[in-house]
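So the structure is just underneath, and the comments pick up after that.
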Amino acid sequence: HAGRFQAAATFPVWSSPGNVGGMALLKRSFTAALLDEDDDSSYPFKMPGSLARTTAPVAKMMRLWNYKQGSGLGAHGQGIIAPIKAIRHCSTAGIGHSEKTYKNGLQGAPAPSPPAQDEWHESAAVSRALRLERECYERTLALLRDVKLQGDDSVETAEALAAIVESEEAFRGKKCALGAWRAALPSRAVQHIVERVLKPRIAVKAREWEPLWSPGCDHWLRPWIPLIGHLPESLYGTVESKISGGSLDIISPWKDYFGPTHWEIFSRRHILPKLTRWLQQLKITPPKQRDTKFREVMSWTPLVRTEDVVSILEQEFFGKWESALRHWLQSARPSSGEAAAWCAGWKNLFTPELLHDERVLAWLESGVAMVDRETEDLNRLVCHS
């Protein structure tokens, strides 16, 4: 590369104090000549693995050993080419530190939904409710026509049928409001349809219904909810006797079909005792949780009031949980990272509604504080070292 060496050597250099740029340009051109690379303005920003990132003697030696720019070292070029990035940790972390994942049996809790996703769920729920109103209208219209064909010539049935036919106007707008169809019906027509037409038929279906064979009530109750609002009060005893010992899939839909007062009575009779029993039987075994009853409890909590669940947790869970944590810290002396991950794993199992309760947060924070107190002396010793 004699031509390049000569060009670089004869490059004009000014010795004035202000000619720092000229000196830098000379140095760059000279190095580029040594490396047999183009002299362009991108020199300081070469790709990883470029010889432009090193000195001329090193680059010459690398070329003698047939090094290819952009590849890694090793027989197959398997070495890294990008610089290792520095990661700041706490003062007690040494070189090579990485965040450790602990297999404590508490992972896998779903992450909270972002606000945009919550809005989407609300919009989808409104769409489903509007479709249910439309279905209710169509079924009511067909039912009243069948009643007429079966010989019901009463004035009330004729007026109710006419009102249903006219109510179709509520669905023709571009933005049909939820509840607009029900509000468009005369109260007299609604009362006749519910009391004289729907309730007798629903009562027959309720007595025939077998939850184990058909868990839902999509055919005999749900389509009429926009008109009747909830399960007729006379049928609460019948339905309660059939679902009281059922699974979550059988019981959960009925929160929307029972009236608020009757649902609270049902939950106090059949759901809260179940949750209490599970928490009493729960075994807390750090460092790895194997008993899954707590997850079962959390899956049922949306069906009951948050304050009721918090009361049960304070009576049957938090004392046991705190005692197990204290014994583990004092006997096994786990690392602060493992103990903190254990507490965080339990927190992730709680529902968002429970995590908004101050009493629940206070209990969980007291567990974290216990971990801090037990590991404080060890951390202080490591920091001084």
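The chain is numbered in sequence order, starting from 1.
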Show your working on salt bridge (Lys or Arg N to Asp or Glu O under 4.0 Å) between Arg131 and Glu135 and close with a plain yes or no.
CA-CA 6 Å; Arg131 289 196 298 270; Glu135 181 184 357; over 6 Å; no
Arg268/Asp308 salt bridge by N-O under 4.0 Å criterion:
yes
Is the shortest side-chain heavy-atom distance between Trp342 and Tyr102 below 4.5 Å?
no
Just by modelled atom types, is the Glu307 backbone N or O under 3.5 Å from a matching donor or acceptor in the Ser311 side chain?
yes
Side chain Lys255, main chain Pro260, donor-acceptor under 3.5 Å
no
Over 60° means perpendicular and under 30° means parallel, so classify the ring planes of Trp254 and Trp209, tilted if in between.
tilted
Pair Arg134 + Glu138, salt bridge at N-O below 4.0 Å
yes
Any Leu185 side-chain heavy atom under 4.5 Å of Ile164 side chain:
yes
Minimum-distance pair of heavy atoms, taken over all atoms of Pro334 and Ala339:
CG-CB, 4.4 Å
With a 4.5 Å limit on heavy-atom distance, are the side chains of Val297 and Leu282 in contact?
no
Correct closest heavy-atom pair for Ile225 and His230 would be CD1-CA, 4.0 Å
Can you name the closest pair of heavy atoms from Pro223 and Leu132 and give their distance?
CA-CD1, 4.0 Å
Flag side-chain contact, heavy atom, 4.5 Å: Phe317 against Ile312
no
Where the side chain of Glu133 meets the backbone of Gly179, is there a donor-acceptor pair that is under 3.5 Å apart?
yes
Heavy-atom donor-acceptor pair, Lys288 side chain to Leu106 backbone, under 3.5 Å
no
Could you check Glu353 against Thr301 for side chain to side chain donor-acceptor pair (under 3.5 Å), going step by step and ending with a plain yes or no?
CA-CA 9 Å; Glu353 293 79 10; Thr301 53; over 6 Å; no
Which heavy atom in Ala324 sits nearest to a heavy atom in Pro286, and how many Å separate them?
O-CG, 3.7 Å
In Å and rounded to the nearest 0.5 Å, what is the CG to CZ distance from Leu235 to Arg207?
7.5 Å
Could you state whether Leu227 and Phe171 fall into the same hydrophobic cluster, counting links through intermediate Ile, Leu, Val, Met, Phe, Trp or Tyr residues with side-chain heavy atoms under 4.5 angstrom apart?
yes
Group every Ile, Leu, Val, Met, Phe, Trp and Tyr by side-chain heavy-atom contacts under 4.5 Å, then state whether Trp224 and Val147 land in the same group.
yes
Ignoring hydrogens and geometry, is there a side-chain-to-backbone donor-acceptor pair from Lys242 to Ala206 under 3.5 Å?
yes
Using a strict threshold of under 4.0 Å (side-chain N to carboxylate O), is an ion pair present between Arg269 and Glu240?
yes
Just how far is it from atom OG1 of Thr140 to atom CZ of Arg145, taken to the nearest 0.5 Å?
11.5 Å
Donor-acceptor pair, side chain of Trp263 and main chain of Leu303, under 3.5 angstrom
yes
Look up atom CG in Leu231 and atom OH in Tyr257, then write down how far apart they are to the nearest 0.5 Å.
11.0 Å
Close side-chain approach of Phe350 and Leu364, heavy atoms under 4.5 Å:
yes
For the atom pair CG (Leu272) and CZ (Arg277), what is the distance rounded to the nearest 0.5 Å?
11.5 Å
Mind checking side-chain hydrogen bond (donor to acceptor under 3.5 Å, both in side chains) for Glu314 and listing every partner two or more places apart, or none if nothing turns up?
Trp363
Would you mind listing every salt bridge (charged side-chain N to carboxylate O under 4.0 Å, His left out) that reaches into residues 184-194, with sequence neighbours excluded?
Glu159-Arg188
Could you state the interatomic distance from CZ (Arg333) to CD (Glu374), rounded to the nearest 0.5 Å?
5.5 Å
Are the ring centres of Tyr236 and His262 closer than 6.0 Å?
yes
For Lys148, what residues pass the side-chain hydrogen bond (donor to acceptor under 3.5 Å, both in side chains) criterion, not counting sequence neighbours?
none
For the residue pair Asp152 / Ser154, report whether a side-chain donor-acceptor contact shorter than 3.5 Å exists.
yes
Spacing of NZ belonging to Lys320 relative to CD belonging to Gln315, to within rounding of 0.5 Å
12.5 Å
Is it possible for you to say whether Ile251 and Leu248 belong to one hydrophobic cluster, with membership spreading through side-chain heavy-atom contacts below 4.5 Å?
yes
Measuring only between side-chain heavy atoms, which start at C-beta, is Thr351 closer than 4.5 Å to Leu354?
yes
Looking at Arg172 and Glu168, is there a salt bridge between them, counting it only when a charged N and a carboxylate O are closer than 4.0 Å?
yes
Looking at Ser123, is its backbone amide N or carbonyl O close enough to the side chain of Ser127 to form a donor-acceptor pair, meaning the two atoms are under 3.5 Å apart?
yes
Look only at the side chain of Ser214 and the backbone of Pro211, and say whether a donor-acceptor pair between them is shorter than 3.5 Å.
no
Are Asn104 and Gln289 close enough that some pair of their side-chain heavy atoms sits under 4.5 Å apart?
no
Kindly indicate whether the side chain of Ile243, heavy atoms from C-beta on, has any atom under 4.5 Å from the side chain of His270.
no
Taking the six-membered ring for Trp and the single ring otherwise, decide whether the centroids of Phe294 and Trp321 are under 6.0 Å apart.
no
